[in-house]
Amino acid sequence: MKNNEPFYIEDIDIQAFQHDLITWFEHEQRSLPWREDQDPYKIWVSEIMLQQTRVDTVIPYFQRFIEQFPTIDALAEADEDKVLKAWEGLGYYSRVRNLHTAVKEVKEKYGGIVPNTPSLISKLKGVGPYTAGAILSIAYGLPEPAVDGNVMRVLSRILSIWDDIAKPASRKIFEAAVRELISHENPSYFNQALMELGALICTPTSPSCLLCPVREHCKAFYAGTVEQLPVKTKNKKNKKIQLIAAVLTDHKGNVLIRKRPDKGLLANMWEFPQVEKSSLIPSRRVLNDYLLEEYGLEVSLDTEHFAEINHVFTHLTWDIEVYKGMINSEVGETEELKLVPIKDLKNFAFPVSHQNIWKSYIKIAKGL
DNA sequence: AATACGTGGCG
DNA sequence: TCGCCAAGTAT
């Protein structure tokens with residue numbers, strides 16, 4: 001055993017480990033829509049969707065997305081608004097804007113063929129070390145590591161690695177481990193099996209060690225430390241932001257919506273106008289003044305808000321007071337500010353927070 | 001390195 | 001109710 005190694009791999013029977021892991025995967029893998037073929041584009045789309053997102057959530061999105069944008073060309077030629085709409089509700093919307101950018105680049109620079117080398121594929125927007133390895137191994141059969149949260153959890157237990165997996169630097173340790181362990185005969189199944197094992201057996205809490213196909217190779221199983229691994233430091237508490245929003249209609253029943261900035265939170269998504277609450281000035285007046293100053297809009301707002309929407313993001317919380325109002329002046333429509341018929345709202349991509357605002361509005365409008 | 005970036009499910 | 005989590009990446 002070497003003291004300068006971050007993990008001890010000498011007493012792992014690599015051949016047997018690969019065999020047990022891959023054989024298990026061949027029998028037990030779930031039937032998933034992105035496993036029907038090895039089209040690099042579909043693998044790519046699935047890997048982007050699956051970032052920080054559960055399989056059950058992704059499945060229907062993946063099916064609709066591929067139906068709507070079946071090929072690199074189809075996605076490359078689509079309008080961003082349609083692409084964002086297809087992603088509505090999935091979260092982390094930069095993922096799909098980066099994917100769109102990258103797909104256009106693949107069409108233009110690589111003739112529509114997803115590059116098959118680590119250096120070229122890693123240059124694509126939104127393709128980091130994990131996604132690069134996943135596409136290269138699953139679609140192209142190359143022996144590259146694809147280290148995600150599952151792989152770090154599984155390998156931290158098998159190899160008894162006590163580095164904090166919340167630290168970015170730790171990923172390199174696990175990549176080094178995968179380079180030692182990966183099957184060169186079937187890198188695709190090896191990587192997928194590691195992730196599938198993490199999803200089905202080697203779960204974060206109460207793992208099913210007695211059903212594990214590789215428990216004989218697992219240091220934590222023998223040491224009784226499975227429940228203590230992986231080491232992962234906690235997140236900080238998130239910030240709370242108080243907002244006031246307005247659902248504004250004209251006398252024809254059109255609704256006022258605006259597009260968010262093209263950077264940052266919920267970039268390029270649509271929303272009902274909203275502004276930060278003030279601790280000193282009454283909300284109704286803040287909203288009234290904001291609409292006048294920002295858009296030259298004269299409105300008559302209800303005396304009281306009709307809903308309060310609480311929305312929790314990963315790093316912050318929105319608490320939104322929502323007012324109804326009538327528009328009394330002309331609206332200067334732009335690319336970012338539109339007055340749209342209610343039946344057309346479904347064509348615009350809204351974050352879940354504002355979908356909930358609309359649901360509340362409909363309830364009130366129906367007199368419930 | 002640390003933080004921004006969504007959402008829904010679960011104990 | 002609430003923190004944690006789930007196939008990460010960009011800056």
Side-chain angles (χ1 to χ4, degrees), chain A residues 25 29-30 32-35 42-62 84 87-99 101-102 121-135 137-139 145-155 164-172 174-175 178 188 191-200 202-206 230 232-241 260-269 271 310-318 349-356:
Chain A
F25 182 72
Q29 65 169 298
R30 290 166 292 180
L32 298 170
W34 47 89
R35 287 181 175 163
K42 287 190 226 166
I43 302 296
W44 184 6
V45 170
S46 74
E47 291 302 341
I48 301 296
M49 283 190 174
L50 286 162
Q51 290 171 7
Q52 303 291 286
T53 310
R54 290 187 151 71
V55 166
D56 288 345
T57 304
V58 166
I59 290 172
Y61 279 92
F62 177 81
L84 263 181
W87 207 267
E88 181 186 54
L90 249 192
Y92 287 144
Y93 300 97
S94 304
R95 288 184 295 173
V96 76
R97 299 193 308 112
N98 288 337
L99 173 64
T101 302
I121 202 169
S122 298
K123 288 191 170 72
L124 298 171
K125 283 276 190 302
V127 178
Y130 164 75
T131 306
I135 297 172
S137 61
I138 299 171
V147 174
D148 70 341
N150 284 314
V151 172
M152 289 196 282
R153 181 175 59 259
V154 169
L155 290 185
D164 181 358
I165 66 167
K167 302 260 191 257
S170 300
R171 202 197 68 247
K172 292 195 178 70
F174 291 92
E175 285 178 347
V178 171
S188 168
N191 279 341
Q192 291 188 72
L194 232 32
M195 293 188 273
E196 194 82 341
L197 190 67
L200 300 181
C202 195
T203 47
T205 57
S206 48
K232 187 177 184 184
T233 52
K234 322 240 178 203
N235 299 332
K236 291 175 181 175
K237 275 205 267 185
N238 66 12
K239 214 185 317 179
K240 296 189 192 318
I241 298 181
R260 292 179 58 86
D262 65 3
K263 285 184 194 297
L265 185 65
L266 304 170
N268 285 359
M269 300 288 280
E271 67 182 5
N310 190 264
H311 192 79
V312 181
F313 298 90
T314 305
H315 60 299
L316 56 88
T317 297
W318 276 357
F350 289 89
V352 169
S353 55
H354 284 239
Q355 293 175 31
N356 288 337

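- Across the interface with DNA chain B, nearest-nucleotide mapping of N356(A) and L316(A) shows L316(A) to be the residue nearer the 5′ end.
- The CD1 atom of I138(A) sits 7.0 Å away from atom CG of N191(A), with the distance rounded to the nearest 0.5 Å.
- Comparing dT3(B) with dC4(C), their P atoms sit 15 Å apart, to the nearest whole Å.
- Within 4.0 Å of V312(A), counting heavy atoms only, lies at least one base atom of the nucleic acid.
- Summary of the strand contacts: S94(A) and A166(A) both lie near DNA chain B, and taking for each the nucleotide with the nearest heavy atom, the more 5' one is attributed to A166(A).
- Using a 4.0 Å heavy-atom criterion, one finds that W318(A) contacts no nucleic acid atom at all.
- Not a single salt bridge (Lys or Arg N to Asp or Glu O under 4.0 Å) links R97(A) to another residue, sequence neighbours left out.
- Rounded to whole angstrom, the span from the NZ atom of K123(A) across to the P atom of dT9(C) amounts to 16 Å.
- Scanning all heavy atoms of the two residues, the minimum distance from S188(A) to S137(A) falls at CB-O, 3.3 Å.
- To the nearest angstrom, C1' of dA6(C) lies 10 Å from OH of Y92(A).
- Think of the region where chain A sits on DNA chain B: with heavy atoms and a 4.0 Å cut, that region ends 5' and 3' at dA1(B) to dG8(B).
- Residue R35(A) is in base contact, counting any heavy-atom pair closer than 4.0 Å across all strands shown.
- How far CG of L200(A) is from CE of M195(A): 12.0 Å, rounded to the nearest 0.5 Å.
- Among the atoms of the strands shown, none is found under 4.0 Å from any heavy atom of V58(A).
- Looking at heavy-atom distances under 4.0 Å, A146(A) makes no contact with the nucleic acid at all.
- In this structure, the CE atom of M152(A) is 12 Å from the P atom of dC5(C), given to the nearest Å.
- Comparing the P positions of dG8(B) and dT9(C) gives a spacing of 22 Å, expressed to the nearest Å.
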Report the C-alpha distance between I48(A) and W87(A) in whole Å, list the side-chain angles of each, state the deciding distance to 0.1 Å, and finish with yes or no for side-chain contact (heavy atoms from CB on, under 4.5 Å).
CA-CA 11 Å; I48(A) 301 296; W87(A) 207 267; 3.8 Å; yes
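- For N191(A) and dG8(C), the CG to P distance is 14 Å, given to the nearest whole Å.
- For the pair K167(A) NZ and dG8(C) P, the interatomic distance rounds to 19 Å; values are reported in whole Å.
- Distance CG (D56(A)) to P (dA6(C)): 13 Å, rounded to an integer number of Å.
- Across all strands shown, L90(A) has heavy atoms under 4.0 Å from base atoms, whether or not it also approaches the sugar-phosphate.
- Looking at heavy-atom distances under 4.0 Å, T314(A) makes contact with a base.
- Between T205(A) and T131(A), the residue anchored closer to the 5' end of DNA chain C is T205(A), taking for each the nucleotide with the nearest heavy atom.
- The residue R153(A) sits close only to the backbone: its heavy atoms come under 4.0 Å of sugar-phosphate atoms, none of a base.
- At distances below 3.5 Å, at least one donor-acceptor pair connects side-chain atoms of Q355(A) with backbone N or O atoms of F350(A).
- The interatomic distance linking L50(A) (CG) with dA6(C) (C1') rounds to 9 Å, in whole Å.
- Remark: P of dA10(C) and NZ of K125(A) are 8 Å apart, rounded to the nearest angstrom.
- Donor-acceptor pairing under 3.5 Å is recorded for the side chains of E47(A) and Y130(A).
- For the residue pair R95(A)/T131(A), the side-chain donor-acceptor check at 3.5 Å is not satisfied.
- Taking atom P on both nucleotides, dA6(C) is separated from dC5(B) by 23 Å, rounded to a whole Å.
- Contact annotation for G198(A): no contact, since no heavy-atom pair falls under 4.0 Å across all strands.
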